[in-house]
Amino acid sequence: MKNLEIARLLDELADALEFHGENPFKVSAYRRAAKILRDFTEDIEVYAKEGRLQEIPGIGEGIAKKIKEYLETGKITKHKEVISKTPREILELLKIPSLGPKTLKLAHDKLGVKNLDDLKRVIEDGSLARLPGMGPKKVENIKKGIELYEGFTGEEKRWQLGLVIPVVTSLVEEIKKFPGVKKVVPAGSYRRMKETVGDIDILCIGEPGGEIIKKFTELPVVERVLACGETKGSIIEKSLKIQIDLRVVPERSFGAALQYFTGSKAHNIKLRTLAKGKGYKISEYGVFKGEKYIAGETEEDVYAVFGLPWIPPELREDRGEIELALEGKLPRLVEYDEIKGDFHIHSKYSDGANTIEEIAKKAEEMGLEYIAICDHSRSLKYAGGLDIDTLKRRNEEIDRLNEKFKIKILKGMEVDILQDGSLDYPDPVLEELDVVIAAIHMGFKKNVTERILAAMENPLVDIIAHPTGRLISGREGYDVDLEKIMERARELGVALEINAYFDR
DNA sequence: GCCGTTTTCGGCCCGACTGTTTTCAGTCG
Ligand SMILES: Nc1nc2c(ncn2[C@H]2C[C@H](O)[C@@H](COP(=O)(O)OP(=O)(O)OP(=O)(O)O)O2)c(=O)[nH]1
Ligand SMILES: [Mg+2]
Ligand SMILES: [Mg+2]
Ligand SMILES: [Zn+2]
């Protein structure tokens, strides 16, 4: 699939055009198209072949032509042209916080800055600070930006959602203790439950101009203060070196502000444009008609002004959710309280963190009806895979615990699919189990589709674990024909796992 | 560059923080 390659080129074209001072709306149009391609789940080449590119909102005549050109020739002439008159390393410098396209262009035109070393030189010799509109403080901020930039390694840094949860939870508790704070909630990509987050966004109710932001920037977890104003502040947090943005609004704006701060940006722009068309204005302070405040206390109120139901944050990506909401056709999402059990739990017998008893207790507290303990099988040595005797002992322990607990504890295993497609235990061992998950953990490149298909043919196999094999910010998925696997799984009644662990 | 039951031209979301300004530009959310 060439979606990502094309997205990268369009983004680079946008950066270069912006550097050269092109119309900002044109620049946005390229960026928007790049994002659409990056989020596109189908192969753009198929769309191109069928002549349907312009059916995609945000892709018009010009960009459709460029996509076709790339698919046919492997390049985009316009991109080549613009890049050829742009110094090779200069666009990279746009990643430096507080250095944007205008300043960069100025430094390039007036001082001949072409790369990071040039930039550092004009900072040190004072020439950057003497340019019109520049001054010592701006230069100091760019200098700090360079330090941050050199701290990121290579690509834009993002954090797995599960890794930031403890930081967010404890921070929210800290902020709740500030005087004058009524409510504190996480927003941004964290609330939208994205796989990874680029920062942490937190909203609170309080009086603007109070001490809240100042206190936030003085917390012990603060490594560096990036901004500190009346209604918002930004810091870098010590343990993860992640940026945290705090926004403060009054109570009557809480819903509008939560809507704004939850995003996504594209969702906000779509909603605000819709409002504007109907003669309203939406900001983080509320919905307004002229000067008049119409709504803003809750998110429901804000959406309701436009005849929309409340839209779950997980859907707010401008991927058609606003159109569906308008038609009253939003999909119903599975809620936590609908989850009846968990089929994939590792215990201390293999690489889990807890004993089966501890797990059962916790699961009962969570209101689950059943759990399946599915430890790793014997070949997976690095994850404490169980030999047949240990498995037997573990099963006996589960029998004993089932007498003690109300919750049903199932005997399961996550059995490795070996290189030849056979399973890691003989059938008589599998027959002792209530649940058999089959999974590939070794040989990701070798005949994955065939091996999974072979494993599914065994009538003792109930579930295929993590069928894509991807690790979020770790590893591309297996080279696997998922459609083939889905088709056969349906025929055989084998379940395909949706693994919700935060790096899967 | 994209887009359109008020438009095929002329708009394109809206606001905070900072530094450099004497009324605003740049950067960011
Ligand atoms: N209306 C509007 N809202 C924005 C804009 N940029 C950001 N926001 C809102 C929506 C975002 O979800 C929210 C937080 O901004 P972030 O830059 O932290 O983005 P977000 O958390 O969505 O993604 P991230 O994982 O941090 O990259 O602020 C913008 O240009 N316009
Ligand atoms: Mg964010
Ligand atoms: Mg943010
Ligand atoms: Zn596994």
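Lettering follows sequence order; numbering is per chain, from 1. Given the structure is predicted, the values throughout are model-derived calculations rather than measurements.
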When rounded to the nearest Å, what value does the distance between [atom1] atoms of [N] and [M] take?
N      : M      : atom1 : value
B:dT20 : B:dG26 : P     : 14 Å
B:dG1  : B:dT5  : C1'   : 24 Å
B:dG19 : B:dC13 : P     : 28 Å
B:dA25 : B:dT21 : P     : 13 Å
B:dT7  : B:dC2  : C1'   : 14 Å
B:dC12 : B:dC17 : P     : 24 Å
B:dC9  : B:dC14 : P     : 25 Å

Would you mind reading off the distance between [X] atom [atom1] and [N] atom [atom2], rounded to a whole angstrom?
X      : N      : atom1 : atom2 : value
A:K232 : B:dG15 : NZ    : C1'   : 8 Å
A:E55  : B:dC3  : CD    : P     : 12 Å
A:E22  : B:dC2  : CD    : P     : 12 Å
A:K270 : B:dC3  : NZ    : P     : 10 Å
A:L148 : B:dC28 : CG    : C1'   : 14 Å

Exercise for the section: Provide the Watson-Crick or G-U wobble partner of B:dG11, both distances under 3.5 Å; none if there is no partner. Expected result: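 For B:dG11, the partner nucleotide comes out as B:dC2, under the 3.5 Å rule.
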Considering just the side-chain nitrogens and oxygens of [X], establish if one lies under 4.0 Å of OP1 or OP2 belonging to [N].
X      : N      : result
A:Q243 : B:dG29 : yes
A:T231 : B:dC17 : yes
A:S98  : B:dC28 : no
A:K276 : B:dC12 : yes

Practice task
Test A:K270 against every option in A:E321, A:E323, A:E317 by the salt bridge (charged side-chain N to carboxylate O under 4.0 Å, His left out) rule and name the one that passes.
Solution key: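 In the set A:E321, A:E323, A:E317, the residue that makes a salt bridge (charged side-chain N to carboxylate O under 4.0 Å, His left out) with A:K270 is A:E323.
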Problem - Donor/acceptor link under 3.5 angstrom from A:N23 side chain onto base of B:dG1 - result: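 Under the 3.5 Å cut-off, the side chain and the base do form a donor-acceptor pair.
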Exercise for the section: Check if the side chain of A:Y260 and the base of B:dG15 share a donor-acceptor pair of N or O atoms closer than 3.5 Å. Expected result: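 Flag unset: no donor-acceptor pair detected.
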Practice task
Describe the nucleic acid contact of A:K65 in one word from base, sugar-phosphate, nothing, applying a heavy-atom distance below 4.0 Å.
Solution key: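 Nothing, no nucleic acid heavy atom in range.
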Handout entry: Counterpart residues, side chain to side chain donor-acceptor pair (under 3.5 Å), relative to A:K120 (two or more places apart)
Key =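 Only A:E150 meet the side chain to side chain donor-acceptor pair (under 3.5 Å) criterion with A:K120.
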Exercise for the section: With syn defined as a glycosidic angle within 90° of 0 and anti as everything else, classify B:dT7. Expected result: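 Here the answer is syn: the torsion falls within 90° of 0.
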Exercise for the section: Mark yes or no: A:K281 above the aromatic ring of A:F288, with NZ or CZ under 6.0 Å from the six-membered ring centre and no more than 45 degrees from the axis. Expected result: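 Because its charged atom sits under 6.0 Å from the ring centre and within 45° of the axis, A:K281 does stack over A:F288.
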Practice task
Establish, yes or no, whether the cationic atom of A:R247 lies under 6.0 Å from the six-membered ring centre of A:F261 and within 45° of the ring axis.
Solution key: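 Output no; distance or angle outside limits.
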May I ask you to decide whether [X] forms a salt bridge with [Y], counting only side-chain N to carboxylate O separations under 4.0 Å?
X      : Y      : answer
A:R191 : A:E299 : yes
A:E211 : A:K215 : no
A:K143 : A:E124 : yes

Exercise for the section: Output the single nucleotide from B:dT27, B:dG1, B:dG15 whose closest atom is nearest the side chain of A:P101. Expected result: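 Minimum distance to the A:P101 side chain belongs to B:dT27.
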Handout entry: Residues in contact with DNA chain B, drawn from residues 106-142 of chain A - heavy-atom cutoff 4.0 Å
Key =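 The stretch gives A:G133, A:M134, A:G135, A:P136, A:K137, A:K138, A:N141 as the residues lying under 4.0 Å from the strand, ordered by number.
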Handout entry: Residue whose nearest DNA chain B nucleotide is more 5′ - A:L226 or A:Q54
Key =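 Going by which nucleotide is closer to the 5' end, it is A:Q54.
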Handout entry: Earlier contact from the 5' end, DNA chain B, for A:K281 and A:L94
Key =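 Its nearest nucleotide lies further toward 5', so the answer is A:K281.
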Practice task
Examine distances only and state if a side-chain atom of A:Y478 and a backbone atom of A:I440 form a donor-acceptor pair shorter than 3.5 Å.
Solution key: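 Indeed, once roles are kept as given, a pair shorter than 3.5 Å links the two residues.
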